[in-house]
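Below, all heavy atoms of this structure are taken into account, side chains as well, without hydrogens, waters or symmetry copies.
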Amino acid sequence: MVPPPPTNKPHVCLSTIIIMSSMALMDAYLVEQNHGPRKVGICIMVTVGDLCFLIVLRYVAVWVGAEVRTAKRGYAMILWFLYIFVLEIKVYFVYQNYKADRKSLDALARKALTLLLSICIPVLFVILVAIDHMEYVRAFKKKEEIRNRLFWVVVDLLDVLDIQANLWEPQKKGLPLWAEGLMFFYCYILLLVLPCVSLSEISMQGINISPHKMMLYPILSLVTINVITLFIRGGNMLLYKDNRVSGILMGKNILAIILKTCSFVQYRRQLQSAPPAFGMELQKNSAPPSRAANPQTLTHTQDQPPLPELTTCEHT
């Protein structure tokens, strides 16, 4: 295996701590939900699984720390996919255990599970993006624009986790089995794919990143989150009388649909009204200025004879 370039050790340690602490807390939920000899078996199983995951994480996290100062986020996407893939499997078993034991109304533990996921998952995404380590983005205005766009990704992650949390938080009347399974795995797919799409947009833009051209994620999130989750919440509220539906997030989705539609229309008008050479000028303006001058220009200036000095008589 080729040795990785120098890594950012604080970045590697921080991402590893977030990942392994969330995994350990999920393991604690799984162990506490079982009793007797089965509890010992579950404890051994999750310990072995965490050790195997830690071995894989040891290599992937190092490569993520190596690319943090570059314009690439390929290993960050791999790490995100592995983390969500394993974490959501544990969440599924925790959810099934709560569903099997409906008499246990430990609302505090269920709310704590929702709080755990809503902190660890968005924080890991922000760490993997590492906006403050993008040394090739020197303009403060451009960096703030990238940060504002990634803030929408964090809000969308919280939106998806809110829908998923309705499955294990206390409820008077449960949803049909097919509806619960469909909601869980739909949220599972969104958590896996959409943040990777956002990271891939950063990688494809390269060092000359232009936030206004990052339109793939807004289009996908408009359809998969803002529109579809609005129908999911509305269906749960009207058909199944679910009183846990968040009206605030429904309003957020309506506002997001309006704002994103307006931004798409403005972007399309800008493309139609811009001259053909407008894109080339943007790329030239976004490129970092060269510190060294052109050697041909230097040679040309050296070959030119010096200008004669003006004396007092010549002025008169």
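- Cluster membership for V56 and L128, using ILVMFWY side-chain heavy atoms within less than 4.5 angstrom, is shared.
- Interatomic distance, E180 CD to W168 CH2, rounded to the nearest 0.5 Å: 12.0 Å.
- Residues P218 and E201 share a closest heavy-atom pair of CD-OE1, 4.5 Å.
- The one candidate from I127, I121, V129 that meets the side chain to side chain contact (heavy atoms under 4.5 Å, CB included) condition with F125 is V129.
- Cluster membership check: I228 shares its hydrophobic cluster with V193, using side-chain heavy-atom separations under 4.5 Å among Ile, Leu, Val, Met, Phe, Trp and Tyr.
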### Query
So L117 and L87, side-chain contact (heavy atoms from CB on, under 4.5 Å) or not? Walk me through it.
CA-CA 9 Å; L117 296 176; L87 183 71; 4.0 Å; yes
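- A 4.5 Å side-chain heavy-atom check between M26 and L116 finds at least one atom pair inside the cut-off.
- I19 contributes atom CD1, which lies 10.0 Å from atom CG of L14 (distance to the nearest 0.5 angstrom).
- The heavy-atom pair separating Y98 from A109 by the smallest distance is OH-CB, 3.6 Å.
- Side-chain atoms of V227 and I257, non-hydrogen and from C-beta on, do get closer than 4.5 Å to each other.
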Under 3.5 Å, which donor-acceptor pairs do the side chains of residues 75-85 form with other protein atoms, sequence neighbours left out?
unit_1 : atom_1 : unit_2 : atom_2 : d
W80    : NE1    : L191   : O      : 2.9
Y83    : OH     : S22    : OG     : 2.9

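- Judged by distance alone, the side chain of S198 and the main-chain N or O of P195 form no donor-acceptor pair under 3.5 Å.
- Here D162 pairs with R233 in a salt bridge; the nearest charged N to carboxylate O distance falls below 4.0 Å.
- Connection of L192 to V123 is established within a shared hydrophobic cluster, with ILVMFWY side chains joined at heavy-atom distances below 4.5 Å, either directly or through further cluster members.
- Closest non-hydrogen pair, S118 versus L158, comes out as O-CD2, 3.4 Å.
- I119 and V160 fall within a single hydrophobic cluster, where Ile, Leu, Val, Met, Phe, Trp and Tyr side chains are chained together by heavy-atom contacts under 4.5 Å.
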### Task
In sequence, state the C-alpha distance, the side-chain angles, and the governing distance for E32 and K39, and then conclude on side-chain contact (heavy atoms from CB on, under 4.5 Å).
CA-CA 8 Å; E32 289 298 324; K39 187 173 186 177; 3.9 Å; yes
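- Interatomic distance, CE of M23 versus CZ of F53, reported as 4.0 Å (0.5 Å rounding).
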#### Entry: Residues L194, V153; criterion side-chain contact (heavy atoms from CB on, under 4.5 Å); working and verdict
CA-CA 8 Å; L194 285 184; V153 183; over 6 Å; no
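- Atom CG of residue L157 and atom CG of residue L190 lie 9.5 Å apart, to the nearest 0.5 angstrom.
- I42 is listed as a side-chain neighbour of R38, based on a closest heavy-atom distance under 4.5 Å.
- Here the closest heavy-atom approach between residue T47 and residue C43 is recorded as OG1-O, 2.7 Å.
- The shortest distance between side-chain heavy atoms of Y95 and L113 does not fall below 4.5 Å.
- In this structure, D50 CG and K90 NZ are separated by 4.0 Å, a value rounded to the nearest 0.5 Å.
- No side-chain heavy atom of V86 sits less than 4.5 Å from a side-chain heavy atom of I89.
- No more than 12 heavy-atom neighbours from other residues, nucleotides or ligands sit within 6.0 angstrom of CZ on F93.
- The closest side-chain donor-acceptor pair between Y217 and D156 falls under 3.5 angstrom.
- Shown here is F151, whose CZ atom has no more than 12 heavy atoms of other residues, nucleotides or ligands within 6.0 Å.
- Considering only heavy atoms from C-beta on, M250 stays 4.5 Å or farther from N253 through its side chain.
- Scanning both residues, C187 and Q164, for their nearest heavy atoms gives CB-NE2, 3.8 Å.
- Side-chain atoms of F264 and M215, non-hydrogen and from C-beta on, do get closer than 4.5 Å to each other.
- Shown here is I248, whose CD1 atom has no more than 12 heavy atoms of other residues, nucleotides or ligands within 6.0 Å.
- Checked by atom type and distance alone, the side chain of R73 pairs as donor or acceptor with a backbone atom of V68 at under 3.5 Å.
- Y92 contributes no side-chain N or O that, together with a main-chain N or O of F185, makes up a donor-acceptor pair within less than 3.5 Å.
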### Task
Kindly determine whether F184 and V91 satisfy side-chain contact (heavy atoms from CB on, under 4.5 Å), including the steps that lead there.
CA-CA 10 Å; F184 183 87; V91 171; 4.1 Å; yes
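- Here the closest heavy-atom approach between residue K260 and residue L222 is recorded as NZ-N, 4.0 Å.
- A donor-acceptor pair shorter than 3.5 Å cannot be found between the side chains of N166 and N236.
- Using a 4.5 Å heavy-atom cutoff, the side chains of L161 and T114 are not in contact.
- No path of Ile, Leu, Val, Met, Phe, Trp and Tyr side chains, each step under 4.5 Å between heavy atoms, connects L124 with W152, placing them in separate hydrophobic clusters.
- The distance from the NZ atom of K252 to the CG atom of N226 is 5.0 Å, given to the nearest 0.5 Å.
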